[in-house]
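Structure record follows, encoded as structure tokens.
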Amino acid sequence: MSIYDTLNREQYKACMRTEGPVLILAGAGSGKTRVITHRIAYLMEECDVNPWNILAITFTNKAAGEMRERVDRLIGFGSESVWISTFHSMCVRILRRHSDLIGYDHNFTIYDTDDQKTLIRQICARMGIDTKQLRERTIMSAISAAKDKLQTAINYKDTHKIDFEQQQIGDVYEEYERQLRKNNAFDFDDLLMKTVELFNAREEVLANYQERFRYIMVDEYQDTNEAQFQLVRMLAAKHRNLCVVGDDDQSIYKFRGADIRNILDFEKVYPDAMVVKLEQNYRSTQTILDAANHVIRNNARRKDKKLWTDAGSGAKIHFRSFNTGIEEASFIAEDVKKRIHENPSLHFRDFAVLYRTNAQSRLLEDRFVQESIPYNIVGGHNFYDRMEVKDILSYLRTIDNGRDDINTQRILNVPKRGIGKTTSDRVMAYAQAMGISFMEALERLDDIPDITRAKTKLQAFTDLIHRLRDEAKTSSVGDLINAIVEETEYEQYLKDYDEENSEDRMDNVGELISKAAAYEQDAAEDAEGDGPSLSGFLEEVALVADIDQLGDDDDRVLLMTLHSAKGLEFPFVYLAGMDENIFPSYMSINSDDEDGIEEERRLAYVGITRAKKDLTLTHAASRMMRGEVQFYGVSRFVLEIPEDLLDETPRAGRRVFGEEKSPDDDADMPWSDGYREHRTPFAGRGTERAKASAKKDTRLKAVYVKPHTSEGRKPFIAKMGSLDSLQKGLPAGVKPDYDIGDRVSHVKYGEGTVLSLEKGPKDYKVKVDFDEAGQKVMYAAFAKLSKV
DNA sequence: CGCGAGGATATTTTT
DNA sequence: TATCCTCGCG
């Protein structure tokens with residue numbers, strides 16, 4: 001009995017064919033990770049392949065980590081020498097070694113979207129381009145799209161000769177490239193493009209990696225772009241042991257340059273490729289698979305496949321329609337509770353709520369807080385996007401790479417040093433005139449014209465950076481951050497800047513220090529790496545995805561976009577916002593690009609197939625969108641599911657804004673009772689409403705569930721603000737332990753007397769007469785008042 | 001040069 | 001609805 005006996009026939013076939021090109025068309029849940037891990041194990045164990053000669057590319061760092069773990073579990077040794085990483089991490093690793101060959105220092109900085117935007121804005125200002133007419137965003141995505149296709153600025157201008165706007169973009173692109181080079185920085189797309197460039201420019205470097213990576217495996221191949229395709233093609237050119245795994249039905253990153261043809265045409269590029277189809281699904285019930293199959297069948301351009309399972313049909317798919325997004329959110333929260341109540345063996349982590357846009361998370365989150373259900377939100381605001389974290393990172397980048405003008409400028413006046421824009425611009429102008437970096441200009445203060453009053457301040461800043469650089473030579477990254485905080489009196493700055501949240505913000509800085517410490521630990525242990533370094537830490541920070549930070553030890557309901565959910569699975573899945581114009585999004589509906597809807601449909605397919613046992617689709621007839629009520633019909637994807645798979649029949653109820661009568665009088669508003677009587681198509685059928693109200697009567701008593709937090713490692717994936725009420729304060733809506741007339745104390749306002757306490761729609765509102773600060777009204781859960 | 005107020009404006013998905 | 005940006009004042 002060997003570990004390979006557990007594979008099914010097709011999986012086994014894919015696993016054993018180690019030589020030559022292999023295309024594995026792996027439907028959702030068909031065990032493709034199993035195949036890759038077993039294949040790696042097989043190569044090492046049975047074919048005597050040196051782990052060093054194996055490269056496996058995954059979509060996220062999290063997937064890479066899991067894959068390594070699984071290989072380890074299979075054979076128990078050697079997996080640390082296999083290169084398992086994302087495209088971006090792999091490229092950074094290569095570039096760190098050879099960037100000098102294409103004109104960059106080894107300690108290059110990786111620009112995030114904000115850095116990019118700042119740079120583009122500067123360039124536009126210099127070139128006299130009005131960013132109101134031509135938005136930075138537009139320029140950025142045009143440049144990004146070009147880079148995904150390996151198109152240089154010159155190339156771009158050549159192919160877009162006719163269009164004036166595109167010529168402008170081309171000019172900005174050209175200058176942007178020059179600036180990146182000057183700043184010794186790469187943007188995300190550069191990591192791929194410049195690696196290809198490197199390989200093209202230096203045959204011997206490519207040959208070196210070709211020789212090294214004798215066996216190459218690429219996961220999620222359907223979401224590779226041109227640059228990634230070229231990269232893989234080049235690397236595999238010598239040994240041709242290339243195994244790609246993917247599912248054309250799950251290609252959902254076209255907006256990021258993914259080209260579905262990479263997988264559809266694989267056999268054209270490699271005519272001798274062996275093709276294996278994995279159609280047996282080990283994840284979901286037949287009902288769920290049938291629904292997925294029926295939806296995806298509506299796409300024209302795809303390789304035909306049909307998922308099946310021998311797991312049995314399972315429960316029907318639930319469909320629920322609501323009047324408003326609020327009701328939808330309430331239902332989901334209550335339903336999770338109900339199911340856990342009915343079946344105590346279930347955990348919160350068995351549930352996931354998926355939606356099309358990040359904005360939809362808000363209502364759900366509110367509701368989950370109210371119901372005291374522990375949850376995590378993936379995406380939205382990244383930890384590394386927080387102001388205080390960015391400030392520190394900007395310092396680190398400035399210390400690490402003095403040529404990075406963008407980050408130097410960013411912190412020049414953070415904390416406030418009384419150095420304004422005028423001064424900053426003058427330094428910049430001088431730097432440009434002399435062809436030196438911003439930092440170098442600061443080091444020659446005496447030569448800069450018109451610098452008089454600000455001179456001492458600038459000198460102080462320069463000295464500060466120099467001191468920190470010295471510190472960096474000997475200190476760990478964590479200590480360096482501490483030094484930055486100390487030297488800049490950052491804590492005081494935070495207090496002045498935002499008294500209310502300064503503590504939380506300081507906590508985040510602390511969290512960053514822990515991250516740095518963890519990084520240094522890992523890097524020191526990684527035999528294949530170059531050891532810990534500031535550049536290394538900054539690089540890791542730049543390349544983490546939201547999903548990467550997700551620990552699997554937390555027992556929480558997960559809330560995330562459908563995109564983030566790719567590759568994951570949960571026993572119970574809710575697809576919220578199955579509304580026309582939300583999902584599929586109005587962008588894809590109104591676009592003339594036919595494939596837009598097809599991509600959305602693939603996204604629906606991804607969503608449905610995340611569910612193992614139980615799937616619930618919800619729809620809301622009306623929603624608040626940017627402060628306005630919008631009306632939506634049921635998503636076409638729901639209607640594409642055969643009725644007999646659903647426990648409730650959806651009504652199309654499609655309706656275009658402005659048509660029919662507009663709901664401008666209260667009786668017609670979706671939340672009024674009158675509305676329901678008039679609006680049967682939207683309210684769903686009578687039985688459902690009866691059920692809904694019955695549910696209300698038997699509503700579970702709210703149980704406050706203490707969210708699980710592991711010591712020293714706070715889950716910063718969730719938005720801090722909302723978690724606070726769970727972690728530090730009271731759960732919302734629970735009566736506080738003080739009453740009218742009691743003396744209470746508040747962190748900021750000091751002591752006072754409670755004047756009134758009344759139950760609001762969400763939470764108790766408490767009015768306090770503070771001795772010092774006067775009268776304030778606040779929500780009990782957030783006020784964190786304590787009785788004295 | 002800093003700060004606040006107010007208006008404009010945006011909203012798909014992300015390595 | 002919430003953020004971002006600009007403008008004007010101290």
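Treat the numbers as computed from the prediction; the structure is a model and nothing was measured. Note on naming: letters A, B, ... go to the chains in the order of the sequence lines (proteins, then strands), and numbering restarts at 1 for each one.
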- Query: Phe255(A) stacking on dT13(B): centroids under 5.5 Å, ring planes under 30°?
  - Reply: yes
- Task: Give the rounded distance in Å between these two atoms: CG of Asp595(A) and C1' of dT13(B).
- Result: 14 Å
- Item | Whether Tyr253(A) and Phe59(A) hold their rings parallel, tilted or perpendicular, with breakpoints at 30° and 60° | tilted
- Message: Can you measure Leu562(A) atom CG to dT14(B) atom C1' for me and round it to whole angstrom units?
- Response: 14 Å
- Message: Regarding Arg121(A) and Glu136(A), does a basic nitrogen lie under 4.0 Å from an acidic carboxylate oxygen?
- Response: yes
- Round to a whole Å and report the spacing from CG of Asn61(A) to P of dT14(B). 16 Å
- Which part of the nucleic acid does Arg135(A) contact within heavy-atom distance under 4.0 Å: base, sugar-phosphate only, or nothing? sugar-phosphate
- Phosphate OP1/OP2 of dT14(B): any Asn358(A) side-chain N/O under 4.0 Å: yes
- Task: Would you mind telling me which of dT15(B), dA10(B), dT11(B) lies closest to the side-chain atoms of Arg137(A)?
- Result: dT11(B)
- Query: So, is Ser588(A) close to the dT12(B) phosphate, meaning a side-chain N or O under 4.0 Å from OP1 or OP2?
  - Reply: no
- Task: Would you indicate whether Arg261(A), at its atom CZ, is surrounded by more than 12 heavy atoms from other residues, nucleotides or ligands within a distance under 6.0 Å?
- Result: no
- What is the distance from CD1 of Ile143(A) to P of dT14(B), rounded to the nearest Å? 21 Å
- Thr561(A) side chain near dT12(B) phosphate (N/O to OP1/OP2, under 4.0 Å): no
- Query: Of Arg626(A) and Asp189(A), whose closest DNA chain B nucleotide lies nearer the 5' terminus?
  - Reply: Arg626(A)
- Taking only Lys NZ, Arg NE, NH1 and NH2, and the carboxylate oxygens of Asp or Glu, determine whether Lys62(A) and Glu66(A) approach each other closer than 4.0 Å. yes
- Query: Taking the side chain of Arg256(A) as heavy atoms from C-beta outward, which of dT1(C), dT15(B), dT12(B) is closest to it?
  - Reply: dT15(B)
- Message: Within the 4.0 Å heavy-atom criterion, would you say Ala545(A) contacts the bases, only the backbone, or no part of the nucleic acid?
- Response: sugar-phosphate
- NA contact type, Phe87(A), heavy-atom cut-off 4.0 Å: base, sugar-phosphate, or nothing? nothing
- Query: How are the rings of Phe108(A) and Phe186(A) set to each other: parallel, tilted or perpendicular (split at 30° and 60°)?
  - Reply: perpendicular
- Selected nucleotide, minimal atom distance to His563(A) side chain, candidates dT12(B), dT14(B), dA10(B): dT14(B)
- Query: Of the nucleotides dT11(B), dT1(C), dC5(C), which has the atom closest to the Arg121(A) side chain?
  - Reply: dC5(C)
- Query: Tell me: CE of Met587(A) to C1' of dT11(B), nearest whole Å?
  - Reply: 8 Å
- Reckon Glu599(A) touches a base, only the sugar-phosphate, or nothing at all at heavy-atom distances under 4.0 Å? nothing
- So what does Asp223(A) hit on the nucleic acid, given a heavy-atom distance under 4.0 Å: a base, only sugar-phosphate, or nothing? nothing
- Would you call the rings of Phe199(A) and Tyr209(A) parallel, tilted or perpendicular, where under 30° means parallel and over 60° means perpendicular? tilted
- Taking OP1 and OP2 of dT13(B), is either one under 4.0 Å from a side-chain nitrogen or oxygen of Ser564(A)? no
- Message: Does Arg356(A) contact dT13(B) through a side-chain donor or acceptor facing the base, at a distance under 3.5 Å?
- Response: yes
- Rounding to the closest angstrom, what is the interatomic distance between dC5(C) and dT12(B) at atom C1'? 23 Å
- Message: From the set dC1(B), dT12(B), dG2(B), return the single nucleotide nearest to any side-chain atom of Thr423(A).
- Response: dC1(B)
- Task: Find the distance Leu543(A):CG to dT14(B):C1' and express it as a whole number of Å.
- Result: 13 Å
- Whole-Å distance between dT14(B) C1' and Asp187(A) CG? 14 Å
- Under 4.0 angstrom between Asn225(A) side-chain N/O and dT15(B) OP1 or OP2: no
- Message: Any base atoms under 4.0 Å from Lys416(A), or only sugar-phosphate, or nothing? Heavy atoms, all strands.
- Response: sugar-phosphate
- Would you kindly give the CG-to-C1' distance between Asp385(A) and dC4(C), to the nearest whole Å? 16 Å
- Message: Can you tell me if Glu489(A) has over 12 outside heavy atoms packed within less than 6.0 Å of its CD?
- Response: no
- Task: Using a heavy-atom cut-off of under 4.0 Å over every strand shown, decide if Phe583(A) touches base, sugar-phosphate, or nothing.
- Result: nothing
- Under 4.0 Å between any heavy atoms, over every strand shown, what does Thr422(A) touch: base, sugar-phosphate, or nothing? Just pick one. sugar-phosphate
- Message: Counting only side-chain nitrogens and oxygens, does Arg417(A) get under 4.0 Å of the OP1 or OP2 atom of dC1(B)?
- Response: no
- Query: Are Thr113(A) and dT14(B) close enough that a side-chain N or O sits under 4.0 Å from OP1 or OP2?
  - Reply: no
